[in-house]
Structures are given as structure tokens and as C-alpha cells.
Colleague: 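If you scroll down you'll find the structure; I have some questions about it.
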2 protein chains.
Amino acid sequence: MPQKSPISGASRTDVPGPSTAELPAAAPGLRERRRRQTRTEISQAALRLFQEYGVDATTVDGIANAAGISQRTFFRYFTSKEEAALPAHQDFDAALEAGLLTIDPAGDPREELERVYQQVMQGYADNDAPQARSMLLVNQLIRKEPLLRAALLKHNATRTTGLVDALMDRFGRDGISDLQIRLAFETCAAVVRVAFEVWVTRREAGRNDNLPDIYASARQLAH
Amino acid sequence: MPQKSPISGASRTDVPGPSTAELPAAAPGLRERRRRQTRTEISQAALRLFQEYGVDATTVDGIANAAGISQRTFFRYFTSKEEAALPAHQDFDAALEAGLLTIDPAGDPREELERVYQQVMQGYADNDAPQARSMLLVNQLIRKEPLLRAALLKHNATRTTGLVDALMDRFGRDGISDLQIRLAFETCAAVVRVAFEVWVTRREAGRNDNLPDIYASARQLAH
DNA sequence: GCCAATGTGGCAGTATCTGCCATAATGGCA
DNA sequence: TGCCATTATGGCAGATACTGCCACATTGGC
């Protein structure tokens with residue numbers, strides 16, 4: 001049933017926030033903070049409903065309702081209901097992107113990439129820290145929900161293009177081919193994907209392995 | 001709150017679809033031949049419209065219309081309009097699956113996988129043969145159309161699970177871990193993806209490189 | 001030539017997503 | 001403090017994607 005009456009619309013009518021589709025990392029004004037908060041609330045509502053009812057049975061209207069916003073507003077924050085479940089991955093991506101800026105253009109692409117990834121993963125070393133817990137939670141959901149898996153891949157694919165281009169700029173020197181950069185990136189990303197999957201699997205099995213270690217051994221095996 | 005309606009389990013994603021499920025390769029009766037023909041016609045119509053108007057601007061109704069069938073029937077052949085553009089990849093997958101049956105369980109997973117992929121790619125060695133031409137055409141489209149790229153990834157993701165399981169069975173021996181199989185598969189697949197991309201890029205640039213060679217050198221570089 | 005199986009089309013209904021417009025809140029500035 | 005440009009929000013309409021259901025036609029086997 002489309003459109004249900006907006007119950008709690010009024011409860012947060014004072015939510016606006018400053019501007020800008022992009023998130024300025026530097027000076028978060030009031031509006032920006034509001035915006036982030038709303039975004040977070042939507043994600044939490046989405047994750048909760050996905051867990052309880054499954055992704056299929058959860059509608060955008062349901063999420064919007066639970067988050068106290070209208071459906072229209074939901075689509076101003078996320079492009080689809082699946083996207084709303086991936087804030088942890090967006091954080092990861094942000095960290096990755098920041099890490100890529102530290103790359104040494106004179107180094108070996110593969111080694112540099114692996115270093116950056118390893119470093120980013122350190123942020124998830126403590127399985128009990130909020131960052132790791134969120135990431136684990138979402139990934140558990142993803143394991144069970146093909147829709148979310150697909151959404152994640154799509155998300156990654158969208159970003160890959162940009163990242164590869166950025167890398168090409170950075171490594172723009174003779175002797176390093178297009179093919180080589182792409183290859184380095186894709187294979188690194190593959191190892192990372194597997195590491196995440198193994199991490200989640202083992203944690204679900206009760207083991208307390210941490211992500212950086214798993215990644216390190218996966219990397220080892222891959223060579 | 002979300003619908004609790006049980007059904008929808010398959011709603012809008014990767015249910016293999018009525019037809020893709022099983023295509024009896026052995027004895028194609030009249031019905032089966034008709035079915036394949038219809039499927040092909042739909043795909044051709046879809047590809048043509050996608051090329052001419054773009055994926056976004058092409059509707060399922062439009063495709064169905066161009067193929068001379070009803071919308072309802074379209075959805076009995078494909079689960080989405082994007083799927084209709086990927087027959088070449090489905091053929092590739094079929095060849096791959098057949099190849100996987102020839103794997104030697106006593107061998108090295110990585111080497112065996114690479115051998116199979118290399119073999120499958122031989123089917124696309126001649127850039128002027130219909131198989132290669134179709135594949136090139138679709139991949140050119142995919143390069144320009146994020147929607148198609150996403151659809152392909154989703155398609156691959158759906159299949160990956162099954163393939164990895166099959167591989168695990170086949171390599172089910174001590175000393176070979178879950179992690180190792182996954183890793184081998186994902187990294188091989190990554191190299192293949194890159195090879196395809198490079199192939200298309202170079203052909204668009206007027207070069208006549210062939211797929212197996214590109215794959216071979218990519219594989220080389222990856223080690 | 002009959003029958004069971006299967007393909008097809010039409011219809012209704014739900015869900016996703018977007019454009020448009022009116023309104024409300026905000027933050028800066030005089 | 002009060003005004004204004006900016007921007008967030010909500011509601012609505014509408015296009016499109018997709019599914020279940022039912023009736024009808026075609027097919028292939030006997």
C-alpha cells in the first residue's frame with residue numbers, strides 16, 4: 001500500500017540542515033550536523049527493519065515512517081533502500097580514499113595499495129569497537145541478503161572507476177601501464193573482499209579473529 | 001512499517017528467471033527451439049534499443065513491443081530489462097561451467113582455474129567471429145551504461161556463490177582451505193574482468209588485440 | 001482427434017523512484 | 001531585531017518495474 005499517512009512527520013519538522021549535497025568534512029555547521037544525524041537515523045531504521053523483516057518485505061515507506069520522515073525525503077538522502085544499509089561501507093571508502101592520498105607514486109602500485117588497505121583495516125582491529133561492530137552487523141546481513149550483496153557490489157563498482165582514475169593520475173609515470181594499475185587495484189580489492197567475508201564467517205562461528213590479521217594472511221596466500 | 005507479506009521473496013532481483021533455469025542442451029524439441037528463438041529476439045530488440053536510446057530511456061514495454069510480445073511475456077524470459085542485454089555473458093558462463101568440470105581436484109586450484117579460463121577465452125580468439133563480436137558489442141555498451149555494468153556485476157555475484165561451492169566440493173581435500181578457494185576464484189575472476197575491459201578498450205581504439213593474448217599477459221602481470 | 005502440459009496476454013495491484021510546487025526552517029546580514 | 005536568500009521537507013501526480021491470477025491458445029503425445 002503506497003503512501004500511508006505521515007504519522008510522525010511533525011515530530012521532526014525542525015530537521016533542516018545546511019546545505020550541500022556533499023559532506024564538508026571540515027566545518028560542520030548546524031545544518032550539516034542535522035543532515036548527518038537524519039542520515040544516520042534513516043540507516044539505523046533501515047538496518048533494524050531489514051534484520052527483522054528481511055530486505056524484500058521492507059518497503060521504503062516503512063523505513064521512512066520508522067525514521068519519522070516522508071518517503072520523498074528518504075530519496076533525498078539515499079537512492080534506494082539498499083543504499084541506506086551501507087553507511088559502514090561508506091565510512092570505509094572514505095578512509096580508503098584518504099589513505100590513497102598517502103601513496104608514494106614512485107613505489108610499486110601493488111605494494112602501495114596493499115599498505116593502504118592494511119592501514120585502513122587497522123581501524124577495524126578491535127572487534128568490540130563500534131566501527132567494527134557496525135561493519136560486522138551489516139556484513140552479516142549482506143551474507144543473508146542477495147539484494148544487499150548486489151547493492152554493495154554496485155556501490156563498489158561505481159566507486160572503482162573513480163579510484164582507478166585517481167590512481168592512474170598518481171602513478172602516471174612511464175613503465176606503469178593502465179593494465180597494471182587496473183590489475184593491481186582489482187586483485188587487491190578481491191583479496192579485501194575475501195578477507196571481509198572470512199572475517200564475518202569466523203565471527204559468526206564464534207571465533208574472535210580480527211580483520212587485519214585475516215587480511216594479512218589472505219594477502220600472503222594470494223601471492 | 002513494512003509489509004509482512006511472505007511472498008515477494010523473489011521480487012526484484014536475481015531469481016534466475018523462468019527460462020534461464022535449465023536449458024536442455026541435449027534434445028531441443030520444437031518448443032525448446034521456439035523458446036530460444038524468442039529469447040534471442042528479445043535480446044536483440046533490447047540491445048538495439050539500448051544502443052539507440054540508452055538504457056534509461058528504454059522501457060520494458062518498448063522492448064516487448066519491438067520483440068512482438070507482451071510485457072508479461074517479457075518477464076517470463078528475463079527478470080529485468082538489463083538481463084536481456086547479457087546473453088553473451090550467459091553463454092560465457094555456460095562455457096565456464098562446463099570447463100570447471102574438467103578441473104583436476106589434485107591440482108593447484110589457482111592453476112587449474114587459470115587453465116579453464118584460458119580455455120574458455122579461446123572461444124573468443126577470433127575478433128571477427130560472431131561470438132567475439134557479440135561479446136564486444138555488449139561490453140562496449142556496458143562501458144557506457146552504468147546500469148548495465150551494475151547488472152553484470154549482480155549477475156556475476158549471483159553465480160559466484162554457486163561456483164565457489166562447486167569448487168569447494170571438487171577440491172574437497174585436506175590442505176586446501178575455504179579461504180584458499182575463495183581467494184583463487186576471486187583473484188582469477190578479477191584478472192578476467194580486467195582482461196575483458198582492456199580488450200574492449202583496445203578494440204575501440206582500433207587495435208586488433210585478441211582476448212586470449214590479453215588475458216595471458218594480464219595473468220603474467222598479476223603474478 | 002482428445003488431453004495434458006505449456007506458452008501467452010491482459011488485468012489488477014504493489015513498489016520504486018522522480019519532478020513539481022507550496023511551505024517551513026535556517027543562517028546571514030543590514 | 002527583522003528581512004531575505006537558501007535549502008529542507010512533505011505531499012502529490014505520474015511513469016515505470018514487476019508479480020499474481022485467470023482465461024485462452026498452442027503444442028505435442030497418445
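Each chain gets a letter, A, B and so on, in the order the sequences are listed, and its residues count up from 1. Everything quoted here is computed from the prediction, not taken from an experiment.
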Colleague: Could you tell me how far apart A:Y77 (OH) and D:dG10 (C1') are, to the nearest whole angstrom?
Modeller: 13 Å
Colleague: Using 4.0 Å as the upper bound for N to carboxylate O, is an ion pair formed by A:R203 and A:D209?
Modeller: no
Colleague: Mind calculating the distance between CZ (A:F74) and P (D:dG10) to the nearest angstrom?
Modeller: 13 Å
Colleague: For the pair made of CZ in A:R34 and P in C:dG27, what is the distance, rounded to whole Å?
Modeller: 10 Å
Colleague: For B:F75 and C:dG10, give me the distance from atom CZ to atom P, rounded to whole Å.
Modeller: 15 Å
Colleague: On DNA chain C, check which nucleotide each of B:Q71 and B:T38 is closest to and give me the residue with the more 5' one.
Modeller: B:T38
Colleague: Counting just side-chain N and O atoms, does A:T73 come under 4.0 Å of either OP1 or OP2 of D:dT9?
Modeller: no
Colleague: Are B:S43 and B:T40 close enough that a side-chain donor and a side-chain acceptor fall under 3.5 Å?
Modeller: no
Colleague: Grab the CZ-P distance between A:R72 and D:dT7 for me, whole Å please.
Modeller: 17 Å
Colleague: Taking only Lys NZ, Arg NE, NH1 and NH2, and the carboxylate oxygens of Asp or Glu, determine whether B:K154 and B:E82 approach each other closer than 4.0 Å.
Modeller: no
Colleague: What's the CD-P distance between A:E82 and C:dT16, to the nearest Å?
Modeller: 9 Å
Colleague: Separation of A:L147 atom CG from D:dC18 atom P, in whole Å?
Modeller: 12 Å
Colleague: Do A:Q37 and A:E41 get their side chains close enough for a donor-acceptor pair, meaning under 3.5 Å?
Modeller: yes
Colleague: What integer distance in Å separates B:R76:CZ from D:dC22:P?
Modeller: 13 Å
